[in-house]
Protein chains: 2
Amino acid sequence: MSRDTASRPARERLLDAAGELFYESGIAATGVDAVLARARVSPATLYAHFSGKDGLVAADLERRFRQWQEIWDEVLDERTDPVDRLLSVFDAVVRYRAVEGSRRGCAFLAAATELPPGHPGQQWLAADSRLLTERLHDLAEAAGVGDPTGIADGLLALYDGALARLARQAATPGLDTGDPLHRARRMAADWLAGRVGPARPSG
Amino acid sequence: MSRDTASRPARERLLDAAGELFYESGIAATGVDAVLARARVSPATLYAHFSGKDGLVAADLERRFRQWQEIWDEVLDERTDPVDRLLSVFDAVVRYRAVEGSRRGCAFLAAATELPPGHPGQQWLAADSRLLTERLHDLAEAAGVGDPTGIADGLLALYDGALARLARQAATPGLDTGDPLHRARRMAADWLAGRVGPARPSG
DNA sequence: GCTCTAGCATAACGATCGTTATGTTGAAAC
DNA sequence: GTTTCAACATAACGATCGTTATGCTAGAGC
């Protein structure tokens, strides 16, 4: 059995296990032992591939960021209408959650509340925030709206709200009042209808 | 010196210390020792007043919930216009944060991402969610809108978004693009303008 | 065949976790 | 003044934290 390098590389098994456990149980609450057990990997292997738990957390956030950006790119390539491209952020997060199997809130939001100020994972939280604001701004500009920054901020607010409510719904099941993501998308569409291009039907 | 029962009671000192540390550094990341040191209290005293760390966390969330409800009541009593009363949730959270000295996101949102499913503090997260949805629904109904549930959900989305962005801004300083709370309030006002009562100026 | 080396599991490290047992102190009861 | 009792600090508990030292094992070079 031993030396199963033939299976998935140890580094990927570690990232998979860490991703699931950090997301499911929280970063601080997940011990290194739990990650090692799920990945079927020894401590020495972990510290050969990563600088430690902090490095593993940062690598997990990096992978999440890259996959999120990739999926958003993918969805964006399927849209041509400027308003649809603005709203693509909601479709992308729906697809990301489907691919990732997410049953809770946003991993970046959770990490933002958990990681201490100097943590190496913080750079990927900043990267995510920057991607959201800059891309939404560019898409708003391309849509020819009068106030691209205002539009981008508004969409970001609805995006943040949907993911935050998902996190809170996961904590208190039974109070669900529908899907926050679809509701946010609908609100964003209505809100944009009065601000960009010709009047759109706000049904 | 010793036996300083003459000063603030040990229970309150514990709640103050726990509130600050849990909010500042996270619940899981804050050790009981840190709370004890800040409160200048011995372990035996903590376990005489609370069932343990979990009980202390629950008591902190209970106190936060009661104060938040009290402040919202207070703000609500100052408003008579139905739309102002709907928007009072944003004014209340601004006042709550001023009173509490909050420099990060929402403590309930953070707790929702940190606490495990069966934690005794979960009931106060549920209470907060219920207060928000039910009260917003009632206020929307009182405002005579056509779809009170839809209005309440929309305002909740903007509320959630503002507090989530506050949390993420605290994690990555330097990317601030203004105050999410005031922006959310302005968006909500604009959004409500087209849906309730006579047309309001959307400045 | 033997040696060398990289990569791995076993075991254990000190530190800190949340919690509890053991004394000690100060004020009220009589 | 003595007793009594609740509240307190000191010290230590076992468990687990993140991390590292030690030994085994499989393949490359000769």
Side-chain angles (χ1 to χ4, degrees), chain A residues 1-22 24-61 111 114-122, chain B residues 1-22 24-61 111 114-122:
Chain A
M1 238 301 243
S2 55
R3 290 304 302 280
D4 52 353
T5 312
S7 76
R8 300 269 302 297
R11 186 189 152 89
E12 286 192 25
R13 294 209 311 274
L14 278 168
L15 278 175
D16 288 346
E20 296 173 20
L21 289 175
F22 290 158
E24 210 71 35
S25 314
I27 295 172
T30 298
V32 172
D33 295 358
V35 177
L36 295 173
R38 182 184 272 250
R40 311 261 258 93
V41 152
S42 73
T45 305
L46 189 155
Y47 290 92
H49 286 284
F50 303 96
S51 65
K53 184 184 181 180
D54 289 349
L56 183 59
V57 170
D60 173 51
L61 290 173
E114 284 213 67
L115 299 190
H119 195 283
Q122 291 281 9
Chain B
M1 238 298 245
S2 56
R3 289 307 301 281
D4 50 354
T5 310
S7 77
R8 300 267 303 296
R11 186 188 153 89
E12 285 191 28
R13 294 208 312 273
L14 278 168
L15 278 175
D16 288 347
E20 295 173 21
L21 290 174
F22 289 158
E24 210 72 33
S25 313
I27 295 173
T30 298
V32 172
D33 295 358
V35 177
L36 295 174
R38 182 183 272 248
R40 311 262 257 94
V41 151
S42 73
T45 304
L46 189 155
Y47 288 92
H49 285 285
F50 303 96
S51 66
K53 184 183 180 180
D54 289 349
L56 183 59
V57 170
D60 173 51
L61 291 173
E114 283 212 69
L115 299 190
H119 196 282
Q122 292 281 9

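Please read these numbers as outputs of a predicted model, since none were measured by experiment. Lettering of chains follows the sequences in order, A, B, ..., and the numbering in each one begins at 1.
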Discussion item. Using whole Å, what does the distance between atom C1' of nucleotide C:dA9 and atom CG of A:Asp33 come to?
Written reply: 14 Å
Practice prompt. Check whether any side-chain nitrogen or oxygen of A:Thr45 sits under 4.0 Å from OP1 or OP2 of C:dA9, and answer yes or no.
Written response: yes
Worksheet item: Can you check the B:Ile27 CD1 to C:dC17 P distance for me, whole Å?
Response: 16 Å
Worksheet, complete the sentence: For residues 28-38 of chain A, the salt bridge (charged side-chain N to carboxylate O under 4.0 Å, His left out) pairs (sequence neighbours left out) are A:Glu20-A:Arg38
Practice prompt. Starting at CG of A:Leu61, measure out to CZ of A:Phe22 and round the result to the nearest 0.5 Å.
Written response: 9.0 Å
Practice prompt. For B:Leu46 and D:dT10, give me the distance from atom CG to atom P, rounded to whole Å.
Written response: 16 Å
Worksheet item: Reckon B:Thr30 touches a base, only the sugar-phosphate, or nothing at all at heavy-atom distances under 4.0 Å?
Response: sugar-phosphate
Worksheet item: For the pair made of CG in B:Asp54 and P in C:dG18, what is the distance, rounded to whole Å?
Response: 10 Å
Discussion item. By nearest atom, which of the nucleotides C:dG18, D:dA21, D:dT19 is closest to the B:Val32 side chain?
Written reply: C:dG18
Worksheet item: Toward the 5' end of DNA chain C, which comes first, A:Ala48 or B:Ala34, by nearest nucleotide?
Response: A:Ala48
Worksheet item: Can you tell me how far C1' of C:dC8 sits from CG of A:Leu14, to the nearest Å?
Response: 13 Å
Practice prompt. Let me know, please, whether A:Pro43 or B:His49 comes out on the 5' side of the other along DNA chain D by nearest nucleotide.
Written response: B:His49
Worksheet item: Distance-only, no hydrogens or angles: does the B:Glu114 side chain make a donor-acceptor pair with backbone N or O of B:Gly26 under 3.5 Å?
Response: no
Discussion item. Quick one: does any side-chain atom of A:Gln122 pair with a main-chain N or O of A:Ala58 as donor and acceptor, under 3.5 Å?
Written reply: no
Worksheet entry | Phosphate-side-chain proximity, B:Tyr47 and C:dT20, N/O vs OP1/OP2 below 4.0 Å | no
Item to complete: Mind calculating the distance between CG (A:Leu36) and C1' (C:dT10) to the nearest angstrom?
Response: 13 Å
Practice prompt. Take the protein atom NZ of A:Lys53 and the nucleotide atom P of D:dT19, then report the distance between them rounded to whole Å.
Written response: 8 Å
